[in-house]
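First the structure, in the form of structure tokens, and then the observations on it.
Chain letters run A, B, ... following the sequence lines, proteins first and then strands; every chain starts at 1.
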2 protein chains.
Amino acid sequence: MQHHKLATIEDVAALAGVSIATVSRAINEPTKVADATRRKVAEAVARTGYTTNAMARSLRMRRSNMILILAPDVGDPNFSNILVGLETEASKRGYGLLIGNTQNDPSRETDYLRFISSNQADGLILFTGHLPYGFGQNAEETRLPPMVAVNEPVVDQPVPFVGVDNFEGARVATEHLISQGHRRIAFIGHSPGREINRVRESGYRLALESAGIAIDPRLILDGEGTTESGRAAAELMFVRDALPTAFFCVNDATALGVIIALNARRYELPRQFSVMGFDDISFASFVSPSLTTMKQPRHRMGEAAMELLLAMLAGEQPKSQKVLLRAELIVRNSVSRPNS
Amino acid sequence: MQHHKLATIEDVAALAGVSIATVSRAINEPTKVADATRRKVAEAVARTGYTTNAMARSLRMRRSNMILILAPDVGDPNFSNILVGLETEASKRGYGLLIGNTQNDPSRETDYLRFISSNQADGLILFTGHLPYGFGQNAEETRLPPMVAVNEPVVDQPVPFVGVDNFEGARVATEHLISQGHRRIAFIGHSPGREINRVRESGYRLALESAGIAIDPRLILDGEGTTESGRAAAELMFVRDALPTAFFCVNDATALGVIIALNARRYELPRQFSVMGFDDISFASFVSPSLTTMKQPRHRMGEAAMELLLAMLAGEQPKSQKVLLRAELIVRNSVSRPNS
DNA sequence: CTGAAAGCGCTAACAT
DNA sequence: ATGTTAGCGCTTTCAG
């Protein structure tokens with residue numbers, strides 16, 4: 001563990017009285033070496049404190065055992081929880097994680113590609129929802145490196161994707177509300193353009209239809225996925241005077257806004273209104289009332305994405321271009337039977 | 001940007017009609033090369049799409065331009081915000097970040113050291129508060145690699161540290177309460193053993209003393225730094241019937257617990273009680289009333305730590321073993337003048 | 001089962 | 001200002 005002068009494979013070979021080739025084999029293909037030799041080498045390794053020089057090895061083997069993670073915002077808690085899953089799986093398989101924070105800046109995206117093109121990383125995990133700038137132009141010609149998108153699919157590009165089943169999750173959430181006896185259920189959405197909004201709304205609609213409940217367009221409002229937009233949407237409902245008994249919100253931030261609006265109007269929750277979120281962000285359990293919501297399996301998303309990427313690196317064809325994990329219903333205190 | 005067969009320095013040299021040494025110089029020490037030659041090389045680089053092979057370069061130069069980040073929990077939002085600062089500074093200086101999630105598991109700590117001992121990382125940022133297991137035993141003999149601790153200092157070890165000035169921050173927080181007219185100010189602390197508890201409590205005491213306010217031991221309670229412990233501590237105050245007009249809490253999680261307890265008792269905040277936190281975690285602005293607190297300069301902590309480490313890597317002696325950044329008072333709605 | 005030797009792609013010392 | 005060359009530490013044929 002000395003830092004100034006590390007032992008090399010030659011030091012070990014000399015000490016063990018064998019050739020460097022044998023040392024290399026003893027370490028990497030133990031079965032190809034005689035027992036006695038292997039023991040001698042092992043001892044020499046221990047005595048010298050030898051560690052394989054990863055640079056030399058990577059240079060020779062043309063792979064680095066590193067994965068580059070490209071994310072728009074490393075500080076986003078949604079990201080960091082998935083990261084833990086990525087790391088768990090990678091480290092289990094002997095891979096290291098290199099992290100690239102792009103801030104959606106094209107030049108930073110390009111910049112990070114140097115890790116790929118300089119052989120410093122073997123594959124790529126994409127959180128950005130688009131190919132890094134620098135690949136984009138000539139996607140057909142350019143041979144893309146092995147990569148997997150997670151959380152956000154890559155638009156218009158055949159990149160394997162691991163995410164959550166938003167359609168199914170929204171359906172389950174809405175059904176939970178229905179099972180409690182609600183029939184007038186609002187949907188407070190994200191921006192109309194967002195894929196996630198479309199899909200979660202579809203799940204909501206399907207659940208209602210399956211239960212034979214007519215869809216009331218006045219109960220469907222767009223938002224922006226933010227707390228403030230949730231608050232505003234709830235207020236709008238009161239202004240318009242088309243009130244639901246329950247709010248299903250496209251995400252927890254929105255749900256929080258709805259709760260704030262309802263609390264401000266001095267309603268008692270969940271007795272007078274039920275609120276359901278989606279995501280299970282960290283403060284979902286701290287709001288009052290604590291938020292019933294759909295939990296995204298973030299850790300498993302990370303693991304699954306890494307598993308998929310490493311399989312591709314090992315030469316396997318991805319079985320499917322899309323892995324969707326189920327969100328889990330988390331029952332807390334913001335949903336109850338309607339009050340009537 | 002072809003992935004199967006990358007251009008090497010030889011390809012560039014051949015195309016430009018120069019030697020590989022000249023190509024290397026043209027790229028790394030442009031001033032040492034004639035203008036015309038440099039242009040030829042630049043064009044050849046562009047035509048071939050050449051990128052320096054980082055492995056070969058690192059092997060030769062004996063450094064990787066990589067920094068290893070060792071953290072107990074990569075998913076912790078406190079960590080991830082500092083990470084952004086680390087990344088900003090590192091990437092500005094051409095360094096990459098390798099991330100290691102140890103989960104406080106000694107074997108994982110040791111495991112990640114291979115990145116250091118195999119030359120895959122030049123330095124180390126420590127979030128763990130202790131030397132990685134594997135260095136610990138023989139710290140005197142072992143030559144430690146360049147490293148900087150951030151957020152949490154390394155106990156009993158001369159490791160340069162970048163963190164927040166908790167003493168000063170607690171003093172400012174308490175003074176804010178005093179300036180509003182409070183004189184009976186409670187301190188809800190962390191576990192007694194924790195350094196952070198000791199320091200923040202000292203700041204609280206100094207502020208009171210400086211203002212000529214006697215310290216009332218009945219207003220100082222231990223906790224565990226959790227929401228639940230904050231709630232319990234507030235309850236205990238009511239049971240003991242030694243009530244403050246304001247609560248200064250060792251952190252926001254605790255403050256949240258206090259607010260929950262006060263809300264549950266149907267007090268009106270901040271009219272009847274003021275509550276002050278520390279940290280400015282993400283939901284501090286969402287609680288009702290929104291939390292007045294001290295904001296940790298996490299982004300800058302990351303930048304400062306990386307700056308320090310890179311300076312050490314460049315051979316500079318760290319000027320001081322300890323860099324303390326000031327926390328910033330964030331005024332929201334949980335503090336007002338006392339009610340009397 | 002083991003050893004000799006080539007070579008991964010690069011930088012830097014030395015020579016011109 | 002440019003070229004030649006050694007060698008960073010390793011894995012992997014190819015021989016034996």
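Atom CG in A/Asp11 sits about 9 Å away from atom P in D/dG9, given to the nearest Å. When the P atom of C/dG7 is taken as reference, atom CD1 of B/Ile9 falls 19 Å away, rounded to whole Å. One atom, CZ of B/Arg38, and another, C1' of D/dA1, lie 12 Å apart when rounded to the nearest Å. Between the C1' atom of D/dG7 and the CE atom of A/Met55 lies a distance of 17 Å, rounded to the nearest Å. Going from atom CG of B/Asn28 over to atom P of C/dG9 covers 17 Å, rounded to whole Å. Between B/Glu29 atom CD and C/dC10 atom P the separation is 15 Å, expressed in whole Å. Residue B/Asn119 contributes atom CG, which lies 13 Å from atom C1' of D/dC10 at whole-angstrom precision. Summarising the geometry, the separation between CD1 on B/Ile27 and P on C/dT11 is reported as 7 Å, rounded to the nearest angstrom.
Of the candidate nucleotides C/dA13, C/dT2, D/dC10, C/dA13 has the atom nearest to the side chain of B/Arg25. The side chain of A/Val33 lies closest to C/dT2 when the candidates are D/dC10, D/dA1, C/dT2.
A close approach under 4.0 Å does not occur between any side-chain nitrogen or oxygen of A/Ser19 and OP1 or OP2 of C/dT2. Dashed line: the shortest gap from a side-chain N or O of A/Thr22 to OP1 or OP2 of C/dT2 is not under 4.0 Å.
Checking side-chain atoms of B/Ser58 against main-chain N and O of B/Met55 turns up no donor-acceptor pair under 3.5 Å. Judged by distance alone, with hydrogens and angles left aside, the side-chain atoms of A/Asp11 form a donor-acceptor pair with the main-chain N or O of A/Thr8 at under 3.5 Å. No donor-acceptor pair closer than 3.5 Å links the side chain of A/Gln120 to the backbone N or O of B/Ala54. Of the possible polar contacts, none joining the B/Asn81 side chain to the B/Arg298 backbone as a donor-acceptor pair under 3.5 Å is found.
Screening A/Leu324, A/Ile82, A/Leu309, A/Leu308 against A/Val162 for a side chain to side chain contact (heavy atoms under 4.5 Å, CB included) leaves a single residue, A/Leu308.
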Intermediate values then yes/no, salt bridge (charged side-chain N to carboxylate O under 4.0 Å, His left out), B/Arg38 and B/Asp35: CA-CA 5 Å; B/Arg38 194 174 37 214; B/Asp35 271 19; 2.4 Å; yes
B/Ile125 vs B/Ile67, side chain to side chain contact (heavy atoms under 4.5 Å, CB included): CA-CA, chis, key distance, verdict: CA-CA 7 Å; B/Ile125 296 275; B/Ile67 302 296; 3.9 Å; yes
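Under the 4.5 Å side-chain criterion, counting only non-hydrogen atoms from C-beta, A/Leu131 is in contact with A/Val159.
If one axis is set at each end of the helix from C/dC1-D/dG16 to C/dT16-D/dA1 from five pairs, those axes are 40° apart, to 10°.
Comparing A/Thr31 and B/Ala7 against DNA chain C, the residue whose closest nucleotide sits nearer the 5' end is A/Thr31.
Using a 4.0 Å cut-off on heavy atoms, the residues of residues 57-68 of chain B that approach DNA chain D are B/Leu59, B/Arg60, B/Arg62, listed by number.
A salt bridge (charged side-chain N to carboxylate O under 4.0 Å, His left out) check over residues 40-52 of chain B, counting only residues at least two apart or in different chains, returns the pairs B/Glu43-B/Arg47.
Using a 4.0 Å heavy-atom criterion, one finds that A/Ala21 contacts the bases of the nucleic acid, with or without backbone contacts as well.
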